[in-house]
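Only one structure is covered here, and it is reproduced in the block below.
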Amino acid sequence: MSRKFFVGGNWKMNGDKKSLGELIQTMNGASVDPNVEVVCGAPSIYLDFVRSKLDAKFGVAAQNCYKVPKGAFTGEISPAMIKDCGINWVILGHSERRHVFGESDELIGQKTAHALESGLGVIACIGEKLDEREGGITEKVVFAQTKVIAVVLAYEPVWAIGTGKTASPQQAQEVHEKLRGWLKANVSEAVANSVRIIYGGSVTGGTCKELGSQKDVDGFLVGGASLKPEFIDIINAKA
C-alpha cells in the first residue's frame, strides 16, 4: 500500500501576524511536490488568520485540544471549535505537552479518541527521553504511548527536539519499523500498512533527504525549521 508522504510544521508558540503572513506568502508562492500532504500547526489564536491566508492545498492544525465538546474548561479549545474555524487537524501528545504541562498517556488517549470521533485528523506524538533511550526502554515507552487509536503517528525522540541532535536515519527507521510491527500485532495488518509514521526531532533541510529515504519513515513533523524558508526544501525532500 502506498502511504502519502506527510510533512507537518509545528510553529509552537511563535510568530505574529506579520511574520506568519510573510511565511504564508513564501509557502503560497513556492513550488511544492504535489505528492506530499502538508499541514501547518498554528497557535490557536491565529488559526482563523492562517486558514484564511494559506493556500487551500496546505492543511492547518491546532496544536492541542480538550477531550470534550464544550464546558467550564477555561483556556481550552474543543475539536468542534477547531472544525468551526475550517481546521481539519490537531497535534496531540507532543513532548512539551507531556513534560512541560504534565499530560498523561491516558489523557492524551482520551483527547485523541474525542478528536477522531469529532472528525479531526490527529498527529499523535510519541517518543522517549534520553535517559529512557540510554536505559534501553525506548520500545516500552513508545508502545505504551501508542495505545491510542491509529492515526498519523509522529515519533519524536525527546532528546532530539530543539537540541540540534537528530536520530540517525538508521535509528529512526529501527523505531518506525518496530512501531509498525506493534500495530500489526496489536491493531491489524491493514492499519500497520496504512498508518503514516512520521519523524520529528531537529529535522532540517540538510537531514531531510536521507531520513525521508528510509522505508518506514513516511514524513516529518518539523519544529523550528518550519518557520524558515528551508521548510520548502523539507516538503520537497522526496522530489
Side-chain angles (χ1 to χ4, degrees), residues 2-65 77-92 94 96 115 118-125 151-154 156 161-162 166 196-213 217-239:
S2 171
R3 296 183 295 270
K4 189 169 187 177
F5 207 71
F6 185 103
V7 177
N10 181 8
W11 296 347
K12 306 191 181 182
M13 196 177 74
N14 291 299
D16 51 28
K17 286 187 177 178
K18 181 175 184 295
S19 64
L20 294 179
E22 289 165 358
L23 177 62
I24 288 165
Q25 272 192 310
T26 299
M27 289 185 65
N28 288 349
S31 174
V32 296
D33 184 344
N35 299 311
V36 176
E37 185 169 6
V38 180
V39 174
C40 295
S44 57
I45 199 165
Y46 295 131
L47 285 171
D48 233 352
F49 170 78
V50 172
R51 184 63 285 171
S52 67
K53 302 286 186 190
L54 193 62
D55 193 294
K57 68 175 177 275
F58 300 117
V60 178
Q63 295 176 13
N64 191 24
C65 69
I77 60 173
S78 70
M81 293 170 174
I82 292 165
K83 288 187 71 179
D84 195 37
C85 290
I87 311 301
N88 296 319
W89 287 91
V90 64
I91 300 168
L92 290 172
H94 192 279
E96 290 151 8
S118 304
L120 283 180
V122 176
I123 303 165
C125 303
V151 285
V152 173
L153 271 182
E156 296 199 309
I161 297 172
T166 308
R196 289 175 290 183
I197 305 176
I198 63 176
Y199 173 76
S202 301
V203 177
T204 66
T207 60
C208 62
K209 282 199 180 297
E210 198 183 351
L211 280 164
S213 69
V217 175
D218 301 316
F220 310 114
L221 185 58
V222 186
S226 69
L227 292 157
K228 302 171 186 171
E230 73 179 294
F231 189 48
I232 304 301
D233 299 329
I234 297 169
I235 293 169
N236 292 331
K238 302 275 277 189

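Nothing here was measured: the structure is a model prediction, and the numbers come from that model.
- Side-chain contact between Ile91 and Cys125 is present, with heavy atoms from C-beta onward closer than 4.5 Å.
- Listed by first then second residue, pairs satisfying ring-ring contact (aromatic ring centres under 6.0 Å, His included) with a partner in residues 220-239 read Phe5-Phe220, not counting sequence neighbours.
- For Thr204 (side chain) and Gly206 (main-chain N/O), a donor-acceptor pair under 3.5 Å exists by modelled atom type.
- Considering only heavy atoms from C-beta on, Lys53 stays 4.5 Å or farther from Val50 through its side chain.
- The minimum heavy-atom distance between Val203 and Cys208, with the atom names listed, is CG1-CB, 4.2 Å.
- With contacts defined as side-chain heavy-atom distances shorter than 4.5 Å, the pair Val60/Val39 does not qualify.
- Scanning both residues, Val90 and Ala115, for their nearest heavy atoms gives CG1-CB, 4.0 Å.
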Begin with the C-alpha distance, continue with both residues' side-chain angles, and end with the deciding distance and a verdict on side-chain contact (heavy atoms from CB on, under 4.5 Å) for Leu227 and Leu20.
-> CA-CA 8 Å; Leu227 292 157; Leu20 294 179; 4.2 Å; yes
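- Glu156 places a side-chain heavy atom less than 4.5 Å from the side chain of Leu221.
- The shortest side-chain heavy-atom distance between Ile77 and Asn64 does not fall under the 4.5 Å cut-off.
- Inter-residue side-chain proximity for Met13 and Pro43 is flagged as unmet; no heavy-atom pair is nearer than 4.5 Å.
- Of the possible donor and acceptor atoms, one in the side chain of Asn236 sits under 3.5 Å from a partner among the backbone N and O of Ser31.
- In this structure, Val38 and Val32 have side chains that are not in contact, with every pair of non-hydrogen atoms separated by 4.5 Å or more.
- Residue Ser78 comes nearest to Cys65 through the heavy atom pair C-CB, 4.4 Å, listed as atom of the first residue, atom of the second, then distance.
- Glu37 places no side-chain N or O within donor-acceptor distance of the main-chain N or O of Phe6, the cut-off being under 3.5 Å.
- Side-chain N or O atoms of Asn28 include one that pairs as donor or acceptor with a backbone N or O of Asp55 at under 3.5 Å.
- For the pair Met81/Ser44, no side-chain contact is recorded, criterion being any heavy-atom separation below 4.5 Å from C-beta on.
- Between atom CG of residue Asn10 and atom NE2 of residue His94 there is a gap of 5.0 Å, rounded to the nearest 0.5 Å.
- The shortest heavy-atom contact between Leu47 and Ala42 is CD2-O, 3.8 Å.
- Within the structure, every pair that satisfies the side-chain hydrogen bond (donor to acceptor under 3.5 Å, both in side chains) test and touches residues 11-27, not counting sequence neighbours, is listed here: Lys12-Glu96, Asp16-Ser19, Lys18-Glu22.
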